[in-house]
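Counting starts at 1 for both ligands and their atoms, following the listed order.
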Amino acid sequence: MIFEVTILGSSSATPTAFRHPTSQVLNINEKLFMIDCGEGTQIQLIRYKIKYQRINHIFISHMHGDHYFGLVGFLSTMHLQGRNTPLNIYGPPELEQILQLQLNNNGNHLNYQIIFHALEQTESKVIFEDKELQIETIVLSHRIPCTGFLFREKERPRKLIRDKVIEYDLPISAFHDLKDGKDYIDENGKVYKNEDFTTPSRAPRSYAYCSDTIYNEAILPQINNVDLLYHESTFMNDSILRAQETFHTTSLQAGIIAAKAKAQKLIIGHFSARYRDLQPVLLEARSQFENTSLAIEGEKFRIE
Ligand SMILES: [Zn+2]
């Protein structure tokens with residue numbers, strides 16, 4: 001049961017010769033979710049051999065171009081490559097109009113349907129749910145409205161201890177209660193304790209994506225105990241004034257957020273083009289939160 005993030009881009013504002021604008025693909029049990037789509041993202045999808053026609057949901061955090069300028073090119077490529085299944089796009093309300101304008105002026109129509117979900121940007125909402133997974137928005141604090149995304153697996157049913165169930169010859173009707181964590185009581189009133197017949201299934205996994213934001217502790221309750229946290233880290237702390245002016249975070253601050261959130265692991269990204277060597281950026285975050293990695297293009301981060 002895979003739960004893995006692939007980094008496609010890590011640069012803020014402008015690309016560099018070595019870094020692409022922001023984009024990631026999250027694979028949860030072979031369902032692919034794209035998060036942000038900076039310019040050139042489709043080239044990265046090809047480079048890292050991601051089966052992009054299997055992406056059915058794209059999430060755009062905000063309307064700064066380094067987070068969505070790759071979208072129309074990617075939509076067009078999927079059309080040219082024969083896509084015919086619907087695609088869900090979640091983003092700021094203005095994005096819908098921009099896409100329509102770009103897509104409707106060349107006389108061609110996409111072979112597939114785009115289902116646009118305008119995000120409420122002032123409070124957190126559940127925007128996707130299926131039987132395994134829930135996705136909710138995280139309200140961030142940037143120069144313009146900006147939304148993060150929290151992907152969280154749902155609690156799984158408890159596992160039956162097969163030998164025990166056979167030994168006591170429990171009826172199938174008992175399985176439901178036991179899997180739900182309840183005791184089973186037979187028709188004579190005999191109680192079969194849940195913990196004697198089941199074991200817990202593995203803990204649900206979670207990933208929080210916090211793109212452009214100023215240092216903001218208001219997000220902490222929502223991302224508390226997250227397994228994997230991506231947090232932007234545009235500048236180092238010697239440029240904290242610049243970070244504040246532009247509503248960005250420093251690597252030191254990203255480390256503090258991860259520590260306060262009691263995250264298992266931190267990925268930092270959205271690096272300013274001024275940092276050619278990212279080791280000092282990494283070390284600064286690690287001074288606050290040891291288990292930190294850089295969002296390098298092509299890197300994969302898996303939650304086991
Ligand atoms: Zn931005």
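Within the sub-2.8 Å shell of the Zn ion (ligand 1), the protein contributes these N/O/S atoms: H62 NE2, H64 ND1, H142 NE2, D212 OD2.
Checked against a 6.0 Å centroid threshold, the rings of H57 and F33 count as neighbours. Aromatic ring centres of F197 and Y168: separated by under 6.0 Å. H248 has its ring centre less than 6.0 Å from the ring centre of H142. A ring-centre distance under 6.0 Å is not found for F116 and Y90. Checked against the 6.0 Å centroid criterion, the rings of H67 and H270 qualify as a close aromatic pair.
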Begin from the C-alpha positions of Y207 and Q24 and carry the test side-chain hydrogen bond (donor to acceptor under 3.5 Å, both in side chains) through to its verdict.
CA-CA 12 Å; Y207 175 56; Q24 305 183 354; 2.5 Å; yes
